[in-house]
> 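Submitted below is the structure of interest, expressed as structure tokens.
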Amino acid sequence: MSLSPEDLILKVFEKCAGKSGCDVCRLHMEEDCLFFPELYRLQDQAEEARLSVCAKDLRHLLDLCTLCGLCPCQDIRMFILQAKAAFIDEKGISLSSRIISDVETVGHWGTTFSTVANQLNRLTSVFPLLKKALNVHPERHLPVFPKESFFLWAKKRGLNSKKGSNSRLASKVAYFVGCSAGYLFPEVGKAAVRILEQNNIEIFVPPQECCSMPLIMEGDKKTALKKIHTNIESLLRSVQNGYDIVCSCPTCGYFFKKLLLENAYYSEAFQEKSGAGNKVMKVPFGSGEKRFITVPKGIYQKLLKDDGYFSSLDPLKRIELSNKVKDMGEYLLSIQVKRKLKIDLTCPDIPMVYYASCHQREQEIGQPYYHLLKSFPDSDIIQIKGVMQCCGMGGHLGYKTSFHPHTLKIGEPLFERLLSEKDRTIITDCLSCRIQFQQTMSRKVFHPLEMF
């Protein structure tokens, strides 16, 4: 019997608050999150009044989670995602939420008809009505669409076709571009292609759909799983043909490398393939390169199961893809370590400040772009330190009327830190952060790839 959305979110209360909760995030997430301070407020209020938290408050609580990944417990994030999906299954999704969370479709039609879309965006008589219809906050700027998407540009260059077995290039990359670079900032994707080409690396842009993070955050699980399944099959075909899978979007990378793995190692398919046997289970231990420990099967098999958000997808394929995906900065730095990477700073005299986004940090790969930029003798770059800094944008959530003020509250400490470096150009590999910084601070913001 499936749990109700209220029961799912109450599981978070059980684990995080109350007499049996760990209570760690009461202080740990106090300033960098909207979800946990509200959770503890509701819990304290309910205990004081000796009443349970009402369904309306539980639904509002879910809307405060941006899935930044900063909270320490993976199972808590998954309860939140499952609860979001359960609410949508029960109540349905609004048209405005369906539209703004479908970044891929909006981007495709926006770039296809960019002239018309951008003209409508500039009309003062149309612009406010369009925002109201889409539930976009009045102070938010809608994106300006480029004349040509990265995907169309790549197709014209033949990058959506494999070179075949006659290719003499030793290294081959299947580039998962992501919706933001694919449709809103094609210059980032073009910069990635330029760098790979000048290092004699074969580039293939495989068939791909949105990584589905916006859909997952909105609770549209059915649509998300269809797109994820398509991406898994397409990307693994590239792996079978000898390509490395590389992402330039940290959110896409975080999804493939971290979220998609949820409970996959607990599946019967993996346990059988690993040779665990009838008495023990092999479970991952620690971070970084996968290590496993064995635990008694009789005790843990009812607790450790592949029964979560992505359980309908082949667990062995999820594991294979997760282990094959690399962040573009991570990939380029690995080349730099093995042999000299052919790159130069386009503007070596520009002072820079680098910010690694939440989803980049949660991949646990260090800060490869910072190290690449700093490796040049003439570079002047500093980094924003701190593991809890967040811009607050939350992807498409930052556009919503109800969420926009929250994005500013979360991001305020980071904005102040960046504004203190007023003479430095902001560098970040997250294009959602880029949108946030450009609007809140009117500063020039670039992806690290654009600096080479």
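Note that this is a predicted model, so its numbers are computed, not measured.
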> Does Ile343 reach the side chain of Gln198, with side-chain heavy atoms less than 4.5 Å apart?
yes
> Under the criterion salt bridge (Lys or Arg N to Asp or Glu O under 4.0 Å), I'd like the reasoning laid out for Glu262 against Arg77: C-alpha separation, chi angles, the key distance, then a yes or no.
CA-CA 10 Å; Glu262 182 226 6; Arg77 301 171 213 169; over 6 Å; no
> Students often mix this up, so state it plainly: with edges at 30° and 60°, are the rings of Tyr254 and His359 parallel, tilted or perpendicular?
parallel
> Does Asn263 reach the side chain of Met78, with side-chain heavy atoms less than 4.5 Å apart?
no
> Check whether the ring centres of Phe113 and Phe145 lie less than 6.0 Å apart, and answer yes or no.
no
> Looking at Phe204, I'd like to know if the NZ or CZ of Lys172 sits under 6.0 Å from its six-membered ring centre while staying within 45 degrees of the ring's axis.
no
> Check whether any side-chain heavy atom of Leu341 lies under 4.5 Å from a side-chain heavy atom of Leu332, and answer yes or no.
yes
> Do Tyr370 and Ile427 have side chains that get closer than 4.5 Å, going by heavy atoms?
no
> Sequence neighbours excluded, which residues qualify as side-chain contact (heavy atoms from CB on, under 4.5 Å) partners of Ile293?
Val283, Phe285, Val295
> Measure the shortest side-chain to side-chain distance between Arg434 and Ser357 over non-hydrogen atoms and say whether it is less than 4.5 angstrom.
no
> Aromatic rings Tyr265 and Phe270: how do their planes relate, parallel, tilted or perpendicular, breaks at 30° and 60°?
perpendicular
> Looking at Lys374, I'd like to know if its NZ atom is crowded, meaning that more than 12 non-hydrogen atoms belonging to other residues, nucleotides or ligands lie closer than 6.0 Å.
no
> Just do the salt bridge (Lys or Arg N to Asp or Glu O under 4.0 Å) check on Lys226 and Glu209 with the steps written out, would you?
CA-CA 10 Å; Lys226 286 181 180 179; Glu209 299 196 32; over 6 Å; no
> Please answer whether the main-chain N or O of Glu139 pairs with a side-chain N or O of Gln439 as donor and acceptor at a distance below 3.5 Å.
yes
> Quick one: does any side-chain atom of Ser212 pair with a main-chain N or O of Ala224 as donor and acceptor, under 3.5 Å?
yes
> Would you say the ring centers of His108 and Phe151 fall short of 6.0 Å from each other?
no
> Here's one to test your reading of the geometry: is the NZ or CZ of Lys305 within 45 degrees of the ring axis of Tyr266 and under 6.0 Å from its centre?
no
> Determine the interplanar angle of the Phe150 and Tyr175 rings, folded into 0 to 90°, and report it as parallel if under 30°, tilted if 30 to 60°, perpendicular if over 60°.
perpendicular
> side-chain contact (heavy atoms from CB on, under 4.5 Å) with Arg59: which residues, sequence neighbours excluded?
Leu62, Asp63, Phe87, Ile88
> Would you say that more than 12 heavy atoms from the other residues, nucleotides or ligands in this model lie under 6.0 Å from the CD of Glu272, or not?
no
> Quick check: do Thr407 and Leu397 have side-chain heavy atoms less than 4.5 Å from each other?
no
> Decide salt bridge (Lys or Arg N to Asp or Glu O under 4.0 Å) for Glu450 and Lys444; before the verdict, give the C-alpha distance in whole Å, the side-chain angles of both, and the deciding distance to 0.1 Å.
CA-CA 12 Å; Glu450 296 176 275; Lys444 288 184 178 181; over 6 Å; no
> Does atom NE2 (His406) have a neighbourhood of more than 12 heavy atoms from anything else shown, all under 6.0 Å?
yes
> If you count heavy atoms of other groups shown closer than 6.0 angstrom to CD of Glu148, is the number above 12?
yes
> Do Asp306 and Arg318 have side chains that approach each other closer than 4.5 Å (heavy atoms only, starting at C-beta)?
yes
> Could you walk me through whether Asp89 and Lys222 pass the salt bridge (Lys or Arg N to Asp or Glu O under 4.0 Å) check?
CA-CA 9 Å; Asp89 287 342; Lys222 184 178 179 181; over 6 Å; no
> Identify the two heavy atoms, one from Lys131 and one from Pro138, that lie closest to each other, and give their separation to 0.1 Å.
NZ-O, 2.7 Å
> Contact between Leu196 and Glu202 at the side-chain level, heavy atoms closer than 4.5 Å - yes or no?
no
> Could you give the distance from CD (Gln82) to CD1 (Ile9), rounded to the nearest 0.5 Å?
11.0 Å
